[in-house]
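Residue numbers run from 1 in the order of the sequence given. Read the numbers this way: they start at 1 and go in the same order the structure lists the ligands and their atoms. Side-chain atoms are counted along with the backbone in the values below, which use heavy atoms only and exclude waters and symmetry mates. Computed from a prediction, not measured in an experiment: that's the story for all the values here.
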Amino acid sequence: MSVEEGKHYLLDTYAQVPVVFEGGEGMYLTAEDGNRYLDFVGGIAVNAFGYKDTGLQKAIERVLEKGLLHCSNLYYNSEAVKAAKGLTALASMDRVFFCNSGAEANEAALKLARKFGNLHDPKRSEIISMVDSFHGRTYGAITATGQPKYHANFDPLPSGFAYARFNDLDSVKALVSDKTCAIIVEPIQGEGGIIPADHAFLTGLRALCDERDLLLIFDEVQTGMGRSGKPFAHQVYGVKPDVLTTAKALAGGIPAGAMMTTGRANTVFKPGDHASTFGGNALAAAGINEMVSRLSDASFCDHVSEMGAYLHQGLEALVAAHPDLCTTTRGMGLIQGVVLSVPPRTVVDGCFAKGLLVLSAGANVLRFVPPLVVGRAEIDSALAIVDEVLAQLQQ
Ligand SMILES: Cc1ncc(COP(=O)(O)O)c(C=O)c1O
């Protein structure tokens with residue numbers, strides 16, 4: 001199938017790179033024309049195990065053999081129950097609602113937060129989110145997203161959202177009122193430009209939520225599932241949310257999302273309050289079980305920390321070597337970014353022409369979210385290509 005056919009039949013929502021991928025193995029993707037690409041995009045932080053992973057393939061085969069890909073959530077299925085038990089233990093949470101994407105996980109969290117507020121007082125429905133955040137493309141999720149460019153032309157948006165500045169506790173405090181029911185925040189702003197939260201900001205939010213009886217929601221759609229060097233970034237910070245959302249790498253590439261709860265949030269939803277036909281179906285849950293089992297081995301997360309530090313060090317060297325084009329580097333584990341003084345697209349396109357997939361974040365950041373199984377040799381190759389592209393741009 002050609003790029004032209006893709007352009008013709010797919011709605012034009014992605015500004016797609018003109019390549020059709022056909023297969024993959026390890027850290028590499030193969031295009032229809034036979035060209036191979038070293039992948040530091042990983043399906044945007046999804047393909048944690050890279051491609052053709054034996055463990056994930058066996059998990060899929062297991063459900064195929066049992067003959068049960070899906071049964072309604074009107075019944076329990078054994079893969080989902082196992083996934084719920086394993087995932088909540090890994091996340092230090094109590095209960096989970098399964099869905100199919102990050103936006104859906106956040107919609108579930110926003111609904112839960114509003115019901116939590118409404119149960120106290122029907123006026124308690126306002127949700128505070130952060131400027132430059134990203135929470136997904138459904139109506140609740142784009143409204144929670146603190147970036148006007150995602151709101152443009154989609155009016156009317158749902159009411160009851162207020163936007164504070166990230167890493168500025170006073171700006172959050174200034175917005176809290178008797179109408180507030182919850183605060184939603186990413187521990188590391190991903191789409192906004194790979195901006196880690198300050199430790200004091202998250203501990204301050206936790207204290208504020210406790211004091212004002214608000215739910216603290218962490219959106220770990222991008223930072224969850226080992227990417228930070230711990231199963232979840234909140235565990236790096238040592239700050240626990242009341243509600244935790246995740247998706248992307250959750251099932252290793254099979255579509256899946258989850259909203260987890262603890263404490264006061266555990267019993268807000270009652271039968272009929274929320275649902276998803278596909279959420280937690282046996283195929284997705286088998287992927288989640290494979291992910292949970294891999295993350296439960298401490299050496300998996302240790303590898304992420306080690307490779308993250310190695311990548312970060314390499315990126316720092318690149319920043320030092322190209323001071324006219326790069327300002328700084330920031331990130332945690334295997335979510336890393338380089339702040340550029342040229343449009344990221346020029347570097348992304350230059351890398352693509354040399355067989356490396358990278359992507360941008362925010363207006364000026366080059367983002368690296370490779371599969372978590374990446375090794376030193378592949379990091380060296382990627383850094384060498386970025387170095388070449390920056391050198392060419394400098395000329
Ligand atoms: C932090 C965060 N939340 C939510 C989403 C939306 O996830 P999805 O595209 O699976 O709906 C994303 C996607 O990039 C994200 O990075």
J.: Does the E65 side chain pair with the main chain of R62, one donor and one acceptor, at a distance under 3.5 Å?
T.: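 No; zero donor-acceptor contacts below 3.5 Å.
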
J.: Could you measure the distance from the CD atom of Q336 to the OG1 atom of T329? Nearest 0.5 Å is fine.
T.: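 One gets 5.5 Å once the value is rounded to the nearest 0.5 Å.
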
J.: For ligand 1, list all ligand N or O to protein N or O distances below 3.5 Å, rounded to 0.1 Å.
T.:
{"residue": "ligand 1", "atom": "3 (N)", "partner": "F134", "partner atom": "O", "Å": "3.4"}
{"residue": "ligand 1", "atom": "3 (N)", "partner": "D219", "partner atom": "OD1", "Å": "3.3"}
{"residue": "ligand 1", "atom": "3 (N)", "partner": "D219", "partner atom": "OD2", "Å": "2.7"}
{"residue": "ligand 1", "atom": "10 (O)", "partner": "G102", "partner atom": "N", "Å": "2.8"}
{"residue": "ligand 1", "atom": "11 (O)", "partner": "G102", "partner atom": "N", "Å": "3.4"}
{"residue": "ligand 1", "atom": "11 (O)", "partner": "A103", "partner atom": "N", "Å": "2.8"}
{"residue": "ligand 1", "atom": "14 (O)", "partner": "E191", "partner atom": "OE2", "Å": "3.4"}
{"residue": "ligand 1", "atom": "14 (O)", "partner": "K248", "partner atom": "NZ", "Å": "3.2"}
{"residue": "ligand 1", "atom": "16 (O)", "partner": "Q222", "partner atom": "NE2", "Å": "2.8"}

J.: Would the distance check show the side chain of N118 and the main-chain N or O of R114 forming a donor-acceptor pair, the cut-off being under 3.5 Å?
T.: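 Such a contact is found between N118 side chain and R114 backbone.
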
J.: Would you please classify the geometry between the F278 ring and the H70 ring as parallel, tilted or perpendicular, with 30° and 60° separating the classes?
T.: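 Ring orientation, 0 to 90° scale: perpendicular.
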
J.: Minimum heavy-atom separation for G252 to N47, with atom names?
T.: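 It is O-OD1, 4.1 Å.
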
J.: Any chance the rings of Y37 and F352 have centres within less than 6.0 Å?
T.: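 Close enough - the centres of the two rings lie under 6.0 Å apart.
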
